[in-house]
Amino acid sequence: LLGWHVVDLRRILLSSTLCLAALVAHLVTQTQLSESITLIKQLGVQIESKTLLVSSRTFVEKPVVVLLNEAITSSEVYYYLCFVREGEKDVAVAFP
């Protein structure tokens with residue numbers, strides 16, 4: 001009987017540790033520290049996003065149109081910035 005309690009405690013401790021590790025990993029990789037847009041005249045737009053572990057930069061060459069768009073769900077409205085590029089069908093979203 002005592003052996004079963006030890007095994008159950010080990011399983012509970014292991015599952016709790018895994019849940020805590022997943023939560024910490026999510027917070028570290030998804031927490032936005034900063035987002036910035038730099039406009040470079042006659043060249044394009046540089047989009048930069050930083051999290052605790054990852055920093056990414058994207059350059060959009062000579063956007064034709066800059067849009068402040070909205071996505072509507074059943075309960076919320078999300079606004080986002082996107083760029084239409086010459087010769088491309090897809091738009092470049094600033095901060096997805």
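Computed over heavy atoms, backbone and side chain alike; hydrogens, waters and symmetry mates excluded. We count residues from 1, following the sequence as given.
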Inset, instruction - Show the numbers, then the answer: is there a side-chain contact (heavy atoms from CB on, under 4.5 Å) between F59 and L43? - result: CA-CA 9 Å; F59 190 77; L43 289 178; 4.2 Å; yes

Legend entry - Pairs involving residues 58-68, ordered by first then second residue, that meet side chain to side chain donor-acceptor pair (under 3.5 Å) (sequence neighbours left out): none

Legend entry - Side-chain cluster (under 4.5 Å, hydrophobic types only) that L14 belongs to, other residues: L18

Inset, instruction - Can you sort out the partners of E88 under salt bridge (Lys or Arg N to Asp or Glu O under 4.0 Å), two or more places apart, ordered by chain and number? - result: R85

Legend entry - V66 with V60, same ILVMFWY side-chain cluster at under 4.5 Å: yes

Legend entry - Heavy-atom closest contact (G44 atom, P63 atom, distance): CA-CD, 4.0 Å

Legend entry - Partner set under side-chain contact (heavy atoms from CB on, under 4.5 Å) for V65, not counting sequence neighbours: L67, V84

Inset, instruction - Please collect all salt bridge (Lys or Arg N to Asp or Glu O under 4.0 Å) contacts where either partner lies in residues 33-55, sequence neighbours excluded, each pair once. - result: E48-K50, E48-R57

Legend entry - Interatomic distance, S15 atom OG to L13 atom CG [nearest 0.5 angstrom]: 8.0 Å

Inset, instruction - Taking side-chain contact (heavy atoms from CB on, under 4.5 Å) as the test, write out the residues that go with Q42, two or more places apart. - result: none

Legend entry - Residues which pass side-chain contact (heavy atoms from CB on, under 4.5 Å) with I37, listed by chain and number, not counting sequence neighbours: L39, V45, L81, A94, F95

Inset, instruction - State, with a plain yes or no, whether a side-chain heavy atom of V93 is found less than 4.5 Å away from one of F83. - result: no

Inset, instruction - Write down the atom of E70, the atom of Y79, and the distance for their closest heavy-atom approach. - result: OE1-CE2, 3.2 Å

Legend entry - Pairing residues for E76 by the side-chain contact (heavy atoms from CB on, under 4.5 Å) criterion, not counting sequence neighbours: T73, Y78

